[in-house]
Amino acid sequence: MSIFKRDGGLMDEIRCDEKDYLIWKWRPQGSSGGANARENAIRLGSSLRVRDGAVAVFVYKQKDGPIQDFIEGPYDQILSTKNIPVIANVIGLAYDGGTPFQAEVYFINLAEVVQVKFAVPFFDVFDPRFLDFGVPTAVRGTLTFNIKDYREFIRLHRLDEFDLDTFQRQVRDAITRYVKAIVANAPMDFNLPVIQIDRRITEINDAAMPVVSERLGNDFGVNVTGLDIAVIEIDKTSEGFQQLMAVTRDVSTATVQAQAQVNIKNLEDQQRINAENLDETLRIQREETQYAQRKQTETSYFDAYKLEQQAAVGIAGAEALGNMGTSASMAGAGSEDGAGLNPGAMMAGLAMGGAIGQNMAGMMNDMMQGMNQPTQGGQTPPPIMSGQTPPPIPSTAYFVAQNNQPTGAFDMNTLSQMAASGTLTKSSLVWKDGMTEWVKAGDVEELVSIFSQMPPIPASNSSEVN
């Protein structure tokens with residue numbers, strides 16, 4: 001487009017109205033392509049309009065090589081040596097407005113996103129487990145990129161020779177090589193069977209993205225914004241696929257059988273272990289129960305056991321004392337002068353031993369009868385100090401608290417013997433039918449008499465015994 005200057009000179013309006021472009025070269029209106037002076041003739045005072053997301057590149061051909069000037073959009077001004085300093089260096093300050101200068105102007109679209117569809121034809125991919133069988137595999141997808149660093153892009157490409165179709169074909173060939181290499185190595189990199197490779201497209205795509213982005217940036221100066229591997233196709237009619245499936249099927253069958261045997265063995269072992277554990281648990285529980293019952297029995301009859309032992313000791317002592325008298329009598333009878341024979345001591349020993357033995361034996365029998373005597377109605381007396389009314393029992397029998405457990409019932413004769421042996425004291429708790437609670441034996445009027453102190457043995461009798 002051109003405009004007329006006030007003095008009649010022809011001015012240019014430098015702008016790009018293309019909708020879809022990546023690189024576009026501006027030419028003055030009315031000029032033709034090819035090597036001619038009019039094509040690149042630009043006058044100072046012409047207007048320059050650059051849209052947002054684009055950059056205008058002025059290329060000045062000099063003896064020392066081309067010089068480039070970049071004007072980024074948005075921009076809308078009249079060209080002058082003030083706002084484009086490079087122009088001043090090229091044409092000098094002697095030229096005034098309207099003087100033309102030679103420059104090539106290119107517009108680069110920084111906002112344009114270019115999509116390139118690619119397809120990798122069938123190539124052999126090998127399973128890492130069975131490298132003898134190659135499976136034909138094809139890949140299809142889309143690459144998306146734009147130009148971000150336009151200075152690097154211009155360094156890699158000649159603007160005057162740039163062709164978008166040729167550029168896209170070069171990019172498509174490159175992406176095909178890169179994706180093919182990544183897919184071919186995917187079974188080994190991901191430890192993946194070839195027949196399952198199409199199930200891992202997302203992981204393969206994520207692995208390919210950084211590789212493709214770096215290589216296309218270095219080789220073509222483009223910024224990769226997206227890589228979409230849409231399809232990874234396996235040729236299931238190929239011989240390699242059929243052979244691989246056959247081998248895989250055999251291996252899978254053998255693996256399943258082996259795993260089944262392992263599972264059965266594990267199940268049998270677990271059942272055996274559970275059975276052994278159950279037997280051991282039951283044995284321990286049985287022994288613990290028996291032990292607890294034995295201890296409970298020993299605790300319940302501890303007082304009876306103690307009295308039995310005391311009675312045995314008393315009987316043994318009485319018998320020993322009686323035997324002493326008998327032995328002394330026999331020794332005296334064997335001497336010539338009768339020395340050592342003490343009829344009084346012998347009789348006293350015999351009498352005392354027999355009396356002690358009979359008394360202890362009788363006391364033991366009475367106590368055992370009292371302990372084995374059932375309560376009326378077959379009921380057990382209430383807990384000590386419980387405050388509950390106990391079941392009726394014979395009025396002449398008392399229960400005695402021993403080790404915080406009720407024992408008895410005992411009649412008065414047995415209680416007297418227990419008091420004499422020290423098993424029953426005034427502070428012992430007792431209970432009988434008709435009482436509302438356990439009380440101390442010394443507070444029961446009926447039992448006071450059994451705690452009377454026995455009179456001491458006279459000294460003269462004691463000396464005779466000795």
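Values in this document were obtained by computation on a predicted structure and should not be read as measured data.
The 12-atom threshold is exceeded at CD of Gln196, counting heavy atoms of other residues, nucleotides or ligands nearer than 6.0 Å. For CG of Asp163, the number of neighbouring non-hydrogen atoms (other residues, nucleotides, ligands) closer than 6.0 Å is greater than 12. Enclosure of atom CD in Gln242 by more than 12 non-hydrogen atoms of other residues, nucleotides or ligands within 6.0 angstrom is indicated.
By the 4.0 Å N-to-carboxylate-O rule, Arg283 lies close enough to Glu287 to be salt-bridged with it. In summary, Arg151 and Asp149 do not engage in a salt bridge, as defined by a charged side-chain N under 4.0 Å from a carboxylate O. Lys265 has a carboxylate O that lies under 4.0 Å from a charged side-chain N of Asp269, or vice versa, which qualifies the two as a salt bridge.
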(request) Run the numbers on Tyr150 and Tyr106 for ring pair (Phe, Tyr, Trp, His ring centres under 6.0 Å), then give the verdict. (result) CA-CA 12 Å; Tyr150 56 84; Tyr106 298 90; over 10 Å; no

(request) Take Arg272 and Glu268 through the salt bridge (Lys or Arg N to Asp or Glu O under 4.0 Å) test and state the conclusion after the steps. (result) CA-CA 6 Å; Arg272 177 180 54 79; Glu268 292 175 349; over 6 Å; no

(request) Starting from the C-alpha separation in whole Å, work towards a yes-or-no answer on side-chain contact (heavy atoms from CB on, under 4.5 Å) for Ile154 and Phe70. (result) CA-CA 11 Å; Ile154 294 174; Phe70 305 95; 3.4 Å; yes

(message) Could you walk me through whether Phe153 and Phe162 satisfy the ring pair (Phe, Tyr, Trp, His ring centres under 6.0 Å) test, starting with their C-alpha distance in whole Å, then the side-chain angles of each, then the deciding distance to 0.1 Å, before giving a yes or no?
(response) CA-CA 11 Å; Phe153 184 83; Phe162 184 83; 5.8 Å; yes

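Side-chain contact between Phe118 and Leu227 is present, with heavy atoms from C-beta onward closer than 4.5 Å. Put simply, the side chain of Ile147 reaches to within 4.5 Å of the side chain of Ile23, judged on heavy atoms. Using a 4.5 Å heavy-atom cutoff, the side chains of Glu152 and Arg155 are in contact. For the pair Val444 and Met435, the minimum side-chain heavy-atom distance is below 4.5 Å. Contact annotation: the side chain of Asp127 never approaches that of Ile195 to less than 4.5 Å [non-hydrogen atoms, C-beta and beyond]. Considering only heavy atoms from C-beta on, Val120 stays 4.5 Å or farther from Val183 through its side chain. In this structure, the side chains of Phe122 and Glu233 come closer than 4.5 Å at one or more pairs of heavy atoms. For the pair Met209/Val224, a side-chain contact is recorded, criterion being any heavy-atom separation below 4.5 Å from C-beta on.
Not a single donor-acceptor pair under 3.5 Å links the side chain of Asp69 to the backbone N or O of Phe58. For Thr137 (side chain) and Val135 (main-chain N/O), a donor-acceptor pair under 3.5 Å exists by modelled atom type.
Summarising the geometry, atom NZ belonging to Lys25 is positioned 14.5 Å from atom CD belonging to Glu18; distances are rounded to the nearest 0.5 Å. The CG atom of Asp433 lies 10.5 Å from the OH atom of Tyr398; values are rounded to the nearest 0.5 Å. Remark: Ile175 CD1 to Asp173 CG distance equals 11.0 Å, nearest 0.5 Å. To the nearest 0.5 Å, the span separating CG on Asn185 from CD1 on Ile204 amounts to 10.5 Å. For the atom pair CD (Glu72) and CG (Asp52), the distance works out to 10.0 Å, reported to the nearest 0.5 Å.
A side-chain donor-acceptor contact under 3.5 Å links Thr414 and Asp411. No side-chain donor-acceptor contact under 3.5 Å links Asn266 and Gln270.
Using the six-membered ring where Trp is involved, His157 and Phe220 have ring planes that are parallel, under 30° apart on the 30 and 60° scheme.
Closest approach of Ser427 and Lys440 over heavy atoms only: O-CG, 4.0 Å. For the residue pair Val400 and Met418, the shortest heavy atom distance occurs at CG2-CE, 4.5 Å.
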